[in-house]
Every structure is written in C-alpha cells, then in structure tokens.
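Here's the structure, in structure tokens; my notes come after.
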Number of protein chains: 2
Amino acid sequence: MRETKQKTAILEFLRSKRQHYSASQIYDAVREKIPNISLGTVYRNLSTLLESGEIISVETSDKCVFYDGFIKDHAHFVCQKCKNIFDFELPTSAKEHLSSDGFDVSYERLVCYGTCKNCLNNN
Amino acid sequence: MRETKQKTAILEFLRSKRQHYSASQIYDAVREKIPNISLGTVYRNLSTLLESGEIISVETSDKCVFYDGFIKDHAHFVCQKCKNIFDFELPTSAKEHLSSDGFDVSYERLVCYGTCKNCLNNN
DNA sequence: ATGATAATAGTAATCATTACTGATAAGGAA
DNA sequence: TTCCTTATCAGTAATGATTACTATTATCAT
C-alpha cells in the first residue's frame, strides 16, 4: 500500500472533521487541494482505507453511504428527518458474547434510526 | 395498502424460511408461484413491507441487501468467508440509552462481521 | 538515478434499484 | 352481484452509485 497524496488528502480530510461525508462530498472537498483527482480514485482509496480499518462507514436508511475518519469504537444514530448522523458510545459490546460462542468477530456496527432531539423539539 | 397475491406470496415466502434472501432470490422463488411477476413488483413490495415493519433487511460487507421475514428483535452476524448470515439475540438494547437522552428511536440494527465457527474449523 | 509496479485520471461499463405507462384487479358502494 | 375508483401490476426504460479498464504517472526499494 503506497502512500499517495490522493490517499493522504482523503484521510486528512476525514480526520480533520467530526462529521460523516459521502463519497461525492469527499470528492468535492479534496478537489480543492487536488483539482483533477478522479472520483474513481476517491472510491478506490475509500475502499482500501475501509479495508485497512483507517476509516469506517455508516449507511442511512435511504441507502446513502457516509464515511467517518473517527474510528474509536462507537455507534451511530441516524435521524430520519434532518438526516444528521450522531455518534454515541457503544453500550455493551456484542463481540464478547459471540466470541465466547466460537465466532471470530472482526468488527461490529450498531446503528439506530429515528428522530433526533432537535427535530422532536421543532416538530 | 391493498392485499395482492404478489405481496402475499413475497411475505409468505420470507416467513416460511428462516434464512435471508436477496431481492433477486425472492424474485426467483416467487416466480414459481407467479411466473410473470415483475422484478420491479418485488422491489416495490419489499420496500412497502420494510416501511410497515413486516420484514427487515441486513446488508453484507460487500453491499448486498438481504431480506428477513423474522422480525422479532435480533442482531445479525455476517460471515465474510461463507457469506452466511446468522441470527443472534440482541444484547442490551441501545434504545433505552438513547431515549433517556431525548432521542426517539424507531429501530436499531446491530451487525457483526467476521468469520463463523464453521469456517474457522475448516480453514 | 533507475526500474518495477502500484496508483492515477479519465472514461466506459455494470448492475441493483427506481421511474414510467398503459393495463389489470382489489375492494368498497350501490 | 355489478360497477367504479384507484392502487397495484407487468414490462421496459432510465437512473445513479460504484466498479472496471487502459494508457500514463509517481512511489519507493535497490
């Protein structure tokens, strides 16, 4: 896995923000530094970064994929109204439960869907 | 929401099995009863059944969507080798945690990814 | 520096899902 | 039962996110 300015720019962008971005949002952001970067390059690097565990991804209920440079174990809450994604701490990990049962868990994803505090108040 | 033989066939198929099926697998299965059912009809019904909560869906790490007629709260383990999907009980629910914090959680999805018992033994 | 080759830009292809349209059938009212 | 309204359908075309391809470029070990 070579280090390229494209991969570095993508990773640095995601790490510099505590939000969640789609591939094309990342493409737009990184183009400010590397104007002729290709969307394919963004996808390829996102995919290798996912594989190496340097980033994670969440999916909203309408199938949009968002990427996250904050990789300390945490869960996500997706608001179905404002589409914001909130982080929260993983309650008890299911890993232990499964690994005591003979499974090898490489990672777990917990996503809750509903309406966030703000949208409830502004209903 | 009208009751049609297409929707009934899809729901009955999913409820009759304790496995997880993709849209096109469901299409193939239901075509044995309704040979000229359209793939679009399968997708439309899966989507309304998801919305009404009569079925649920899981996604493997390679982005394939699978549907499940068993809707008692449970979590999924996706084996990255054999691609099988295993059900397991939800540990402690994150709902309580979030709702005490002012969020309205309509549903939660917990998915673990890794290698299953069988694949570990036959490695 | 040089060479091997991994990664890139740009573009074309893929493929799951959705949208469209005229025809069909579910199910309430008479 | 028969008729009407309209949701749903079959069949097909369109969409759009993601992936594949290819000639070129840039990384990095030697």
Side-chain angles (χ1 to χ4, degrees), chain A residues 1-14 20-68 78 80 83 85 109 111 113, chain B residues 1-14 20-68 78 80 83 85 109 111 113:
Chain A
M1 185 138 123
R2 285 181 184 168
E3 204 153 301
T4 66
K5 64 179 181 193
Q6 289 85 351
K7 174 181 294 171
T8 305
I10 291 169
L11 193 50
E12 274 181 357
F13 169 73
L14 282 175
H20 309 76
Y21 296 89
S22 69
S24 75
Q25 287 175 324
I26 295 166
Y27 175 56
D28 289 340
V30 173
R31 259 195 303 181
E32 291 180 8
K33 280 195 173 172
I34 308 170
N36 69 333
I37 193 174
S38 163
L39 182 56
T41 299
V42 172
Y43 273 107
R44 189 168 3 82
N45 279 304
L46 287 173
S47 139
T48 60
L49 289 168
L50 270 177
E51 237 177 308
S52 68
E54 288 170 276
I55 62 173
I56 61 175
S57 65
V58 212
E59 184 160 327
T60 59
S61 46
D62 44 354
K63 311 273 173 186
C64 305
V65 180
F66 290 85
Y67 298 88
D68 189 351
V78 177
Q80 294 174 308
K83 309 292 178 190
I85 300 174
R109 294 285 174 263
V111 187
Y113 301 87
Chain B
M1 188 139 121
R2 284 181 184 169
E3 203 154 299
T4 65
K5 64 179 181 192
Q6 290 85 350
K7 173 180 295 169
T8 306
I10 290 169
L11 191 51
E12 274 181 357
F13 170 71
L14 282 174
H20 310 75
Y21 295 89
S22 69
S24 75
Q25 286 174 324
I26 295 165
Y27 175 55
D28 289 340
V30 173
R31 259 196 302 181
E32 291 180 7
K33 279 194 174 174
I34 308 171
N36 69 332
I37 192 174
S38 163
L39 182 56
T41 298
V42 172
Y43 274 108
R44 187 167 7 81
N45 280 302
L46 287 173
S47 140
T48 60
L49 289 168
L50 272 176
E51 237 177 306
S52 68
E54 288 170 276
I55 62 173
I56 63 176
S57 65
V58 212
E59 185 159 327
T60 59
S61 46
D62 44 354
K63 310 274 173 184
C64 304
V65 179
F66 290 84
Y67 299 88
D68 189 349
V78 177
Q80 294 174 309
K83 309 292 179 188
I85 300 174
R109 295 283 174 264
V111 187
Y113 300 88

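Below, chains carry the letters A, B, ... as their sequence lines are ordered, and counting in each starts from 1.
Note: A:L11 CG to A:Q6 CD = 13.5 Å, rounded to the nearest 0.5 Å. Separating the CD1 atom in B:I10 from the OG1 atom in B:T41 is a distance of 7.5 Å, to the nearest 0.5 Å.
The salt bridge (charged side-chain N to carboxylate O under 4.0 Å, His left out) pairs that include a residue from residues 40-57 of chain B number zero, where partners must be two or more places apart or lie in different chains. Residue pairs meeting the ring pair (Phe, Tyr, Trp, His ring centres under 6.0 Å) criterion with at least one partner in residues 20-54 of chain A, sequence neighbours excluded, are A:F13-A:Y21, A:H20-A:H76. The stretch residues 25-40 of chain B participates, sequence neighbours left out, in these salt bridge (charged side-chain N to carboxylate O under 4.0 Å, His left out) pairs: B:E12-B:K33, B:D28-B:R31.
Atoms CG (A:L50) and P (D:dT19) sit 10 Å apart, rounded to a whole Å. Residue A:L46 contributes atom CG, which lies 9 Å from atom P of D:dT18 at whole-angstrom precision.
Summarising the local packing, NZ of A:K83 is surrounded by more than 12 heavy atoms from other residues, nucleotides or ligands at distances under 6.0 Å.
Residues that satisfy the side chain to side chain donor-acceptor pair (under 3.5 Å) test with A:T60, not counting sequence neighbours, are A:D62.
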The contact string for nucleotides 13-30 of chain C, one letter per nucleotide 5' to 3', using protein heavy atoms under 4.0 Å with B, S and - for base, sugar-phosphate only and none, comes out as ---SBB-------BS---
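The stretch residues 51-60 of chain A has no heavy atom under 4.0 Å from DNA chain C, so no residue of it qualifies as close.
Close to D:dC9, at under 4.0 Å from its OP1 or OP2, lies a side-chain N or O of B:N45.
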